[in-house]
Amino acid sequence: MDATDNSISHLFETAVSGERRSLGKLLTIIERGGEPADIVAGLAHQKAGNAHVIGITGAPGSGKSTLTGRLIEKITKGGGTPSVLAVDPSSPLTGGAILGDRIRMDDLAGEGSFIRSMATRGHSGGLALAVPAAIQLFDAARYNPVIIETVGVGQVEVDVAGTADTTVVVVTPGMGDAVQANKAGLLEVADIFVVNKSDRPGANDTRRDLDLMLDLGHLSGLEEKTGYRPPIIMANSLEGEGAEAILTAIEDHRNHLSKSGSFETRQKQRTLMEIQNRLELLIGSTSSNALQSEAGEKILTEVLERNISPSEAAKSIASSIIRDLT
Ligand SMILES: Nc1nc2c(ncn2[C@@H]2O[C@H](COP(=O)(O)OP(=O)(O)O)[C@@H](O)[C@H]2O)c(=O)[nH]1
Ligand SMILES: [Mg+2]
(Lines give C-alpha, C1' and ligand atoms only; values in the text may rest on other atoms or scores of the structure.)
(Ligands and ions follow the chains in the order given, each with its own letter.)
Protein backbone atom coordinates (compact mmCIF):
# COMPACT_ATOMS: atom_id res chain seq x y z
CA MET A 1 0.00 0.00 0.00
CA ASP A 2 1.49 3.36 -0.95
CA ALA A 3 0.74 6.81 0.42
CA THR A 4 -2.19 7.39 -1.94
CA ASP A 5 -3.81 4.09 -0.94
CA ASN A 6 -3.40 5.02 2.70
CA SER A 7 -4.95 8.41 2.36
CA ILE A 8 -7.82 6.95 0.36
CA SER A 9 -8.47 4.32 3.05
CA HIS A 10 -8.43 7.05 5.66
CA LEU A 11 -10.87 9.17 3.67
CA PHE A 12 -13.07 6.14 3.24
CA GLU A 13 -13.09 5.27 6.95
CA THR A 14 -14.01 8.81 7.91
CA ALA A 15 -16.61 9.06 5.13
CA VAL A 16 -18.45 5.92 6.26
CA SER A 17 -18.45 7.19 9.81
CA GLY A 18 -20.26 10.32 8.70
CA GLU A 19 -17.61 12.86 7.68
CA ARG A 20 -19.26 14.74 4.82
CA ARG A 21 -16.10 16.40 3.59
CA SER A 22 -14.36 13.07 3.18
CA LEU A 23 -17.32 11.78 1.23
CA GLY A 24 -17.14 14.83 -1.03
CA LYS A 25 -13.43 14.27 -1.64
CA LEU A 26 -13.96 10.61 -2.49
CA LEU A 27 -16.66 11.57 -4.99
CA THR A 28 -14.19 13.92 -6.65
CA ILE A 29 -11.67 11.08 -6.87
CA ILE A 30 -14.32 8.87 -8.45
CA GLU A 31 -15.20 11.62 -10.91
CA ARG A 32 -11.57 11.99 -12.02
CA GLY A 33 -11.28 8.28 -12.75
CA GLY A 34 -8.18 6.15 -13.09
CA GLU A 35 -6.48 3.94 -10.51
CA PRO A 36 -7.44 6.02 -7.41
CA ALA A 37 -11.10 5.89 -8.50
CA ASP A 38 -10.86 2.11 -8.83
CA ILE A 39 -9.51 1.87 -5.28
CA VAL A 40 -12.42 3.92 -3.94
CA ALA A 41 -14.88 1.85 -5.96
CA GLY A 42 -13.38 -1.36 -4.54
CA LEU A 43 -13.65 -0.16 -0.94
CA ALA A 44 -17.22 1.06 -1.49
CA HIS A 45 -18.20 -2.22 -3.08
CA GLN A 46 -17.21 -4.17 0.05
CA LYS A 47 -19.58 -2.19 2.25
CA ALA A 48 -22.47 -1.52 -0.11
CA GLY A 49 -25.61 -3.56 -0.71
CA ASN A 50 -28.17 -2.05 1.63
CA ALA A 51 -29.53 1.04 -0.07
CA HIS A 52 -32.59 1.22 -2.25
CA VAL A 53 -31.40 2.74 -5.54
CA ILE A 54 -33.94 5.01 -7.20
CA GLY A 55 -33.42 6.35 -10.72
CA ILE A 56 -35.22 9.54 -11.74
CA THR A 57 -35.03 10.22 -15.41
CA GLY A 58 -36.70 12.29 -18.11
CA ALA A 59 -36.03 15.03 -20.63
CA PRO A 60 -34.03 18.12 -19.64
CA GLY A 61 -36.31 20.67 -18.02
CA SER A 62 -39.04 18.16 -17.13
CA GLY A 63 -38.61 19.06 -13.47
CA LYS A 64 -36.50 16.15 -12.22
CA SER A 65 -34.38 18.26 -9.88
CA THR A 66 -37.39 20.12 -8.52
CA LEU A 67 -39.20 16.85 -7.94
CA THR A 68 -36.12 15.25 -6.38
CA GLY A 69 -35.86 18.19 -4.00
CA ARG A 70 -39.45 17.56 -2.93
CA LEU A 71 -38.78 13.88 -2.34
CA ILE A 72 -35.65 14.63 -0.34
CA GLU A 73 -37.59 17.05 1.80
CA LYS A 74 -40.23 14.45 2.62
CA ILE A 75 -37.82 11.56 3.14
CA THR A 76 -35.69 13.63 5.49
CA LYS A 77 -38.74 14.78 7.47
CA GLY A 78 -39.71 11.13 7.87
CA GLY A 79 -36.32 10.40 9.43
CA GLY A 80 -34.69 8.97 6.30
CA THR A 81 -31.16 9.73 5.11
CA PRO A 82 -31.37 10.11 1.33
CA SER A 83 -28.56 10.97 -1.03
CA VAL A 84 -28.76 12.28 -4.57
CA LEU A 85 -26.38 11.97 -7.46
CA ALA A 86 -27.44 14.34 -10.22
CA VAL A 87 -25.76 13.33 -13.46
CA ASP A 88 -25.62 16.35 -15.73
CA PRO A 89 -24.62 16.03 -19.36
CA SER A 90 -23.07 19.45 -19.18
CA SER A 91 -21.20 20.91 -22.04
CA PRO A 92 -18.46 23.31 -20.97
CA LEU A 93 -20.87 26.10 -21.89
CA THR A 94 -23.75 25.05 -19.67
CA GLY A 95 -21.58 24.00 -16.75
CA GLY A 96 -23.19 26.64 -14.58
CA ALA A 97 -26.43 24.68 -14.47
CA ILE A 98 -24.78 22.07 -12.27
CA LEU A 99 -24.15 24.52 -9.52
CA GLY A 100 -27.62 25.94 -9.97
CA ASP A 101 -29.12 22.52 -9.38
CA ARG A 102 -26.95 21.82 -6.39
CA ILE A 103 -27.79 25.03 -4.64
CA ARG A 104 -31.50 24.69 -5.28
CA MET A 105 -31.64 21.13 -4.02
CA ASP A 106 -29.35 21.85 -1.10
CA ASP A 107 -31.75 24.57 0.01
CA LEU A 108 -34.34 21.88 0.54
CA ALA A 109 -32.01 19.31 2.03
CA GLY A 110 -30.58 19.24 5.51
CA GLU A 111 -27.78 17.54 7.42
CA GLY A 112 -29.39 14.13 7.05
CA SER A 113 -29.03 14.08 3.30
CA PHE A 114 -26.24 14.41 0.78
CA ILE A 115 -26.52 15.90 -2.68
CA ARG A 116 -23.94 15.89 -5.38
CA SER A 117 -23.87 16.79 -9.06
CA MET A 118 -21.56 14.85 -11.28
CA ALA A 119 -20.32 16.46 -14.43
CA THR A 120 -20.16 14.18 -17.43
CA ARG A 121 -18.18 16.60 -19.53
CA GLY A 122 -15.78 15.01 -21.94
CA HIS A 123 -15.75 11.36 -20.98
CA SER A 124 -18.86 9.32 -21.57
CA GLY A 125 -16.98 6.11 -20.83
CA GLY A 126 -16.01 7.54 -17.46
CA LEU A 127 -19.64 8.03 -16.54
CA ALA A 128 -20.34 4.33 -16.87
CA LEU A 129 -17.73 3.64 -14.18
CA ALA A 130 -18.23 6.70 -12.00
CA VAL A 131 -21.98 6.37 -11.48
CA PRO A 132 -21.99 2.82 -10.06
CA ALA A 133 -18.97 3.68 -7.89
CA ALA A 134 -20.71 6.78 -6.52
CA ILE A 135 -23.92 4.82 -5.84
CA GLN A 136 -21.97 2.23 -3.86
CA LEU A 137 -20.07 4.89 -1.99
CA PHE A 138 -23.31 6.56 -0.84
CA ASP A 139 -24.62 3.13 0.07
CA ALA A 140 -21.47 2.30 2.04
CA ALA A 141 -21.83 5.61 3.88
CA ARG A 142 -25.31 4.34 4.86
CA TYR A 143 -27.35 6.79 2.86
CA ASN A 144 -30.69 5.30 1.95
CA PRO A 145 -32.27 5.66 -0.52
CA VAL A 146 -29.69 6.60 -3.13
CA ILE A 147 -31.38 8.68 -5.81
CA ILE A 148 -29.81 9.09 -9.25
CA GLU A 149 -31.10 11.89 -11.45
CA THR A 150 -30.20 11.38 -15.11
CA VAL A 151 -31.31 12.93 -18.34
CA GLY A 152 -33.26 10.32 -20.23
CA VAL A 153 -31.34 10.58 -23.46
CA GLY A 154 -28.38 8.50 -24.52
CA GLN A 155 -27.63 4.86 -23.89
CA VAL A 156 -25.56 5.29 -20.75
CA GLU A 157 -28.32 7.34 -19.14
CA VAL A 158 -31.01 4.85 -20.05
CA ASP A 159 -28.78 2.04 -18.74
CA VAL A 160 -28.20 3.85 -15.48
CA ALA A 161 -31.89 4.49 -15.07
CA GLY A 162 -32.79 0.98 -16.10
CA THR A 163 -30.60 -0.72 -13.56
CA ALA A 164 -31.88 1.19 -10.54
CA ASP A 165 -34.05 -0.81 -8.15
CA THR A 166 -36.91 1.56 -8.88
CA THR A 167 -36.96 3.77 -11.97
CA VAL A 168 -39.15 6.85 -12.05
CA VAL A 169 -39.71 8.33 -15.50
CA VAL A 170 -40.79 11.98 -15.56
CA VAL A 171 -42.76 13.31 -18.50
CA THR A 172 -44.50 16.64 -18.95
CA PRO A 173 -47.64 17.71 -20.76
CA GLY A 174 -46.89 18.70 -24.31
CA MET A 175 -46.84 17.44 -27.80
CA GLY A 176 -45.79 13.82 -27.90
CA ASP A 177 -43.67 13.88 -24.78
CA ALA A 178 -44.77 10.38 -23.86
CA VAL A 179 -44.05 9.27 -27.41
CA GLN A 180 -40.54 10.70 -27.14
CA ALA A 181 -39.99 8.84 -23.89
CA ASN A 182 -41.11 5.70 -25.63
CA LYS A 183 -38.65 6.24 -28.48
CA ALA A 184 -35.77 6.79 -26.07
CA GLY A 185 -36.50 3.36 -24.61
CA LEU A 186 -37.69 4.86 -21.35
CA LEU A 187 -41.07 3.20 -21.35
CA GLU A 188 -39.55 -0.23 -20.89
CA VAL A 189 -37.45 0.81 -17.92
CA ALA A 190 -40.18 2.74 -16.08
CA ASP A 191 -41.46 1.34 -12.81
CA ILE A 192 -43.34 4.54 -12.02
CA PHE A 193 -44.49 7.33 -14.33
CA VAL A 194 -44.78 10.89 -13.15
CA VAL A 195 -46.64 13.45 -15.24
CA ASN A 196 -44.95 16.52 -13.80
CA LYS A 197 -46.10 20.10 -14.48
CA SER A 198 -49.64 18.79 -14.27
CA ASP A 199 -50.63 22.40 -13.63
CA ARG A 200 -50.13 22.86 -17.37
CA PRO A 201 -52.68 22.19 -20.10
CA GLY A 202 -52.66 18.72 -21.64
CA ALA A 203 -51.65 16.80 -18.52
CA ASN A 204 -54.59 14.44 -18.81
CA ASP A 205 -53.80 13.76 -22.46
CA THR A 206 -50.27 12.78 -21.47
CA ARG A 207 -51.65 10.49 -18.82
CA ARG A 208 -53.95 8.89 -21.37
CA ASP A 209 -51.07 8.45 -23.86
CA LEU A 210 -49.04 6.64 -21.21
CA ASP A 211 -51.98 4.50 -20.24
CA LEU A 212 -52.46 3.49 -23.87
CA MET A 213 -48.81 2.64 -24.27
CA LEU A 214 -48.94 0.54 -21.12
CA ASP A 215 -51.97 -1.24 -22.57
CA LEU A 216 -49.89 -2.09 -25.64
CA GLY A 217 -47.23 -3.50 -23.32
CA HIS A 218 -50.01 -5.49 -21.75
CA LEU A 219 -50.85 -6.99 -25.12
CA SER A 220 -47.26 -8.13 -25.57
CA GLY A 221 -47.46 -9.93 -22.26
CA LEU A 222 -45.07 -7.64 -20.42
CA GLU A 223 -47.43 -7.07 -17.51
CA GLU A 224 -48.40 -10.71 -17.06
CA LYS A 225 -44.78 -11.68 -16.76
CA THR A 226 -44.06 -9.36 -13.86
CA GLY A 227 -47.52 -8.91 -12.36
CA TYR A 228 -46.81 -5.23 -12.00
CA ARG A 229 -48.24 -2.28 -13.88
CA PRO A 230 -46.34 0.99 -13.49
CA PRO A 231 -48.62 3.57 -11.85
CA ILE A 232 -48.99 7.02 -13.42
CA ILE A 233 -48.82 9.83 -10.90
CA MET A 234 -49.74 13.46 -11.54
CA ALA A 235 -47.42 15.99 -9.92
CA ASN A 236 -46.86 19.68 -9.61
CA SER A 237 -43.41 19.85 -8.14
CA LEU A 238 -43.44 23.61 -7.84
CA GLU A 239 -46.12 23.15 -5.19
CA GLY A 240 -44.95 19.76 -3.96
CA GLU A 241 -48.17 18.13 -5.11
CA GLY A 242 -47.83 14.44 -5.87
CA ALA A 243 -44.60 13.93 -3.93
CA GLU A 244 -46.30 11.92 -1.21
CA ALA A 245 -48.01 9.68 -3.79
CA ILE A 246 -44.68 9.14 -5.55
CA LEU A 247 -43.02 8.04 -2.32
CA THR A 248 -45.89 5.63 -1.68
CA ALA A 249 -45.53 4.26 -5.21
CA ILE A 250 -41.79 3.80 -4.65
CA GLU A 251 -42.55 1.91 -1.45
CA ASP A 252 -45.12 -0.26 -3.24
CA HIS A 253 -42.63 -1.05 -5.96
CA ARG A 254 -40.04 -1.95 -3.38
CA ASN A 255 -42.48 -4.38 -1.78
CA HIS A 256 -43.20 -5.84 -5.19
CA LEU A 257 -39.46 -6.32 -5.75
CA SER A 258 -38.95 -8.12 -2.45
CA LYS A 259 -42.02 -10.31 -2.88
CA SER A 260 -41.12 -11.35 -6.42
CA GLY A 261 -37.43 -11.81 -5.71
CA SER A 262 -36.64 -9.15 -8.31
CA PHE A 263 -34.39 -7.25 -5.93
CA GLU A 264 -31.66 -9.81 -6.51
CA THR A 265 -32.33 -9.72 -10.25
CA ARG A 266 -31.87 -5.93 -10.40
CA GLN A 267 -28.76 -6.04 -8.26
CA LYS A 268 -27.40 -8.76 -10.50
CA GLN A 269 -28.18 -6.77 -13.67
CA ARG A 270 -26.50 -3.70 -12.22
CA THR A 271 -23.39 -5.64 -11.26
CA LEU A 272 -23.26 -7.39 -14.61
CA MET A 273 -23.46 -4.06 -16.42
CA GLU A 274 -20.72 -2.63 -14.25
CA ILE A 275 -18.39 -5.51 -15.01
CA GLN A 276 -19.26 -5.34 -18.70
CA ASN A 277 -18.56 -1.60 -18.88
CA ARG A 278 -15.25 -2.06 -17.13
CA LEU A 279 -14.37 -4.94 -19.41
CA GLU A 280 -15.20 -2.97 -22.55
CA LEU A 281 -13.19 0.04 -21.42
CA LEU A 282 -10.28 -2.19 -20.44
CA ILE A 283 -10.28 -3.95 -23.79
CA GLY A 284 -10.77 -0.65 -25.61
CA SER A 285 -7.80 1.03 -23.98
CA THR A 286 -5.65 -2.09 -24.27
CA SER A 287 -6.36 -2.31 -27.99
CA SER A 288 -5.57 1.31 -28.69
CA ASN A 289 -2.31 0.88 -26.80
CA ALA A 290 -1.53 -2.20 -28.85
CA LEU A 291 -2.29 -0.34 -32.08
CA GLN A 292 0.04 2.47 -31.13
CA SER A 293 2.89 0.13 -30.19
CA GLU A 294 5.75 -0.81 -32.47
CA ALA A 295 4.10 -4.15 -33.22
CA GLY A 296 0.92 -2.31 -34.10
CA GLU A 297 2.79 -0.09 -36.53
CA LYS A 298 4.27 -3.17 -38.19
CA ILE A 299 0.88 -4.78 -38.63
CA LEU A 300 -0.50 -1.54 -40.05
CA THR A 301 2.27 -1.53 -42.64
CA GLU A 302 1.46 -5.14 -43.54
CA VAL A 303 -2.17 -4.14 -44.11
CA LEU A 304 -1.20 -1.07 -46.15
CA GLU A 305 1.02 -3.24 -48.34
CA ARG A 306 -1.95 -5.57 -48.74
CA ASN A 307 -0.09 -8.55 -47.36
CA ILE A 308 -2.81 -9.12 -44.75
CA SER A 309 -6.41 -7.92 -44.47
CA PRO A 310 -7.69 -5.54 -41.77
CA SER A 311 -9.67 -8.43 -40.34
CA GLU A 312 -6.57 -10.62 -40.08
CA ALA A 313 -4.74 -7.71 -38.50
CA ALA A 314 -7.45 -7.29 -35.86
CA LYS A 315 -7.41 -11.01 -35.04
CA SER A 316 -3.64 -11.06 -34.77
CA ILE A 317 -3.64 -8.04 -32.42
CA ALA A 318 -6.45 -9.59 -30.36
CA SER A 319 -4.47 -12.79 -29.85
CA SER A 320 -1.43 -10.88 -28.71
CA ILE A 321 -3.55 -8.83 -26.26
CA ILE A 322 -5.00 -12.01 -24.79
CA ARG A 323 -1.51 -13.45 -24.47
CA ASP A 324 -0.40 -10.29 -22.63
CA LEU A 325 -3.41 -10.20 -20.30
CA THR A 326 -3.21 -13.83 -19.22
N1 LIG B 1 -45.18 24.79 -13.97
C2 LIG B 1 -44.35 23.92 -13.43
N3 LIG B 1 -43.03 24.13 -13.53
C4 LIG B 1 -42.19 23.24 -12.96
C5 LIG B 1 -42.67 22.09 -12.27
N6 LIG B 1 -41.58 21.37 -11.85
C7 LIG B 1 -40.49 22.05 -12.23
N8 LIG B 1 -40.83 23.18 -12.90
C9 LIG B 1 -39.93 24.18 -13.50
O10 LIG B 1 -39.33 23.61 -14.66
C11 LIG B 1 -37.99 24.10 -14.83
C12 LIG B 1 -37.01 22.95 -14.93
O13 LIG B 1 -36.97 22.25 -13.70
P14 LIG B 1 -35.74 21.34 -13.26
O15 LIG B 1 -36.13 20.70 -11.97
O16 LIG B 1 -34.46 22.06 -13.31
O17 LIG B 1 -35.78 20.26 -14.43
P18 LIG B 1 -34.71 19.10 -14.78
O19 LIG B 1 -33.84 19.61 -15.89
O20 LIG B 1 -35.54 17.97 -15.26
O21 LIG B 1 -33.95 18.78 -13.55
C22 LIG B 1 -37.72 25.00 -13.64
O23 LIG B 1 -37.93 26.31 -14.05
C24 LIG B 1 -38.76 24.56 -12.62
O25 LIG B 1 -39.09 25.58 -11.73
C26 LIG B 1 -44.08 21.89 -12.17
O27 LIG B 1 -44.60 20.91 -11.63
N28 LIG B 1 -44.86 22.84 -12.78
MG1 LIG C 1 -31.82 18.65 -13.17
Side-chain angles (χ1 to χ4, degrees), residues 27 31 54-75 82-109 113-121 127 130-131 134-135 138 145-154 156-158 160-161 164 166-178 180-181 184-187 189-190 192-207 210 231-247 249-250:
L27 287 162
E31 216 166 0
I54 302 169
I56 298 194
T57 188
S62 53
K64 299 178 297 298
S65 297
T66 313
L67 172 65
T68 303
R70 293 295 178 190
L71 298 180
I72 289 292
E73 203 176 24
K74 287 206 179 294
I75 295 169
S83 58
V84 179
L85 183 72
V87 183
D88 276 276
S90 56
S91 75
L93 288 177
T94 59
I98 294 173
L99 207 62
D101 272 352
R102 195 181 313 182
I103 287 166
R104 271 209 326 256
M105 274 206 263
D106 262 338
D107 284 345
L108 294 162
S113 58
F114 198 97
I115 290 163
R116 171 79 175 214
S117 291
M118 189 171 267
T120 62
R121 229 171 298 197
L127 180 66
V131 171
I135 292 174
F138 281 136
V146 176
I147 300 177
I148 319 297
E149 179 193 329
T150 61
V151 171
V153 285
V156 176
E157 285 77 7
V158 173
V160 165
T166 301
T167 302
V168 179
V169 172
V170 180
V171 296
T172 51
M175 284 214 330
D177 201 13
Q180 285 307 322
L186 282 182
L187 212 63
V189 300
I192 295 164
F193 284 104
V194 172
V195 179
N196 194 39
K197 306 197 184 184
S198 63
D199 49 306
R200 295 204 171 159
N204 281 323
D205 294 342
T206 305
R207 182 200 189 101
L210 287 171
I232 304 168
I233 297 165
M234 310 300 273
N236 173 352
S237 298
L238 283 185
E239 305 294 334
E241 285 165 20
E244 196 65 55
I246 295 165
L247 285 182
I250 291 172

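Numbering of ligands and ligand atoms starts at 1, following listing order. The first residue of the sequence shown is numbered 1, and numbering continues consecutively from there.
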Restricting to side chain to side chain contact (heavy atoms under 4.5 Å, CB included), what partner residues turn up for D199, sequence neighbours left out?
K197, N236
Taking only heavy atoms of D199 into account, list the atoms of ligand 1 that are under 4.0 Å away from them.
1 (N), 2 (C), 26 (C), 27 (O), 28 (N)
Atoms in ligand 1 with a heavy atom of A59 nearer than 4.0 Å
20 (O)
Which residues pass the side-chain hydrogen bond (donor to acceptor under 3.5 Å, both in side chains) test with S237, not counting sequence neighbours?
N196
Nearest heavy atom to atom 17 (O) of ligand 1, choosing from G58, G63, S198, S237, belongs to G63
Do the non-hydrogen side-chain atoms of I233 and V195 ever get within less than 4.5 Å of each other?
no
I'd like to know: is the Mg ion (ligand 2) within the 2.8 Å range of an N/O/S atom from S65, strictly under that distance?
yes
Any Lys/Arg nitrogen of R116 or E31 sitting under 4.0 Å from an Asp/Glu carboxylate oxygen of the other?
yes
Which of these, A86, G61, P173, S65, has its nearest heavy atom closest to atom 19 (O) of ligand 1?
G61
Start with the C-alpha distance between E149 and S65, add both sets of side-chain angles, then the distance that settles side chain to side chain donor-acceptor pair (under 3.5 Å), and finish with yes or no.
CA-CA 7 Å; E149 179 193 329; S65 297; 2.8 Å; yes
Using heavy-atom distances only, which candidate in N196, T57, N236, T150 approaches atom 6 (N) of ligand 1 most closely?
N196
Side chain R200, main chain G174, donor-acceptor under 3.5 Å:
no
Only N/O/S atoms count here: what is the atom of E149 closest to the Mg ion (ligand 2) called?
OE2
Should one rank K197, E239, R200, E149 by closest heavy-atom distance to atom 26 (C) of ligand 1, which comes out on top?
K197
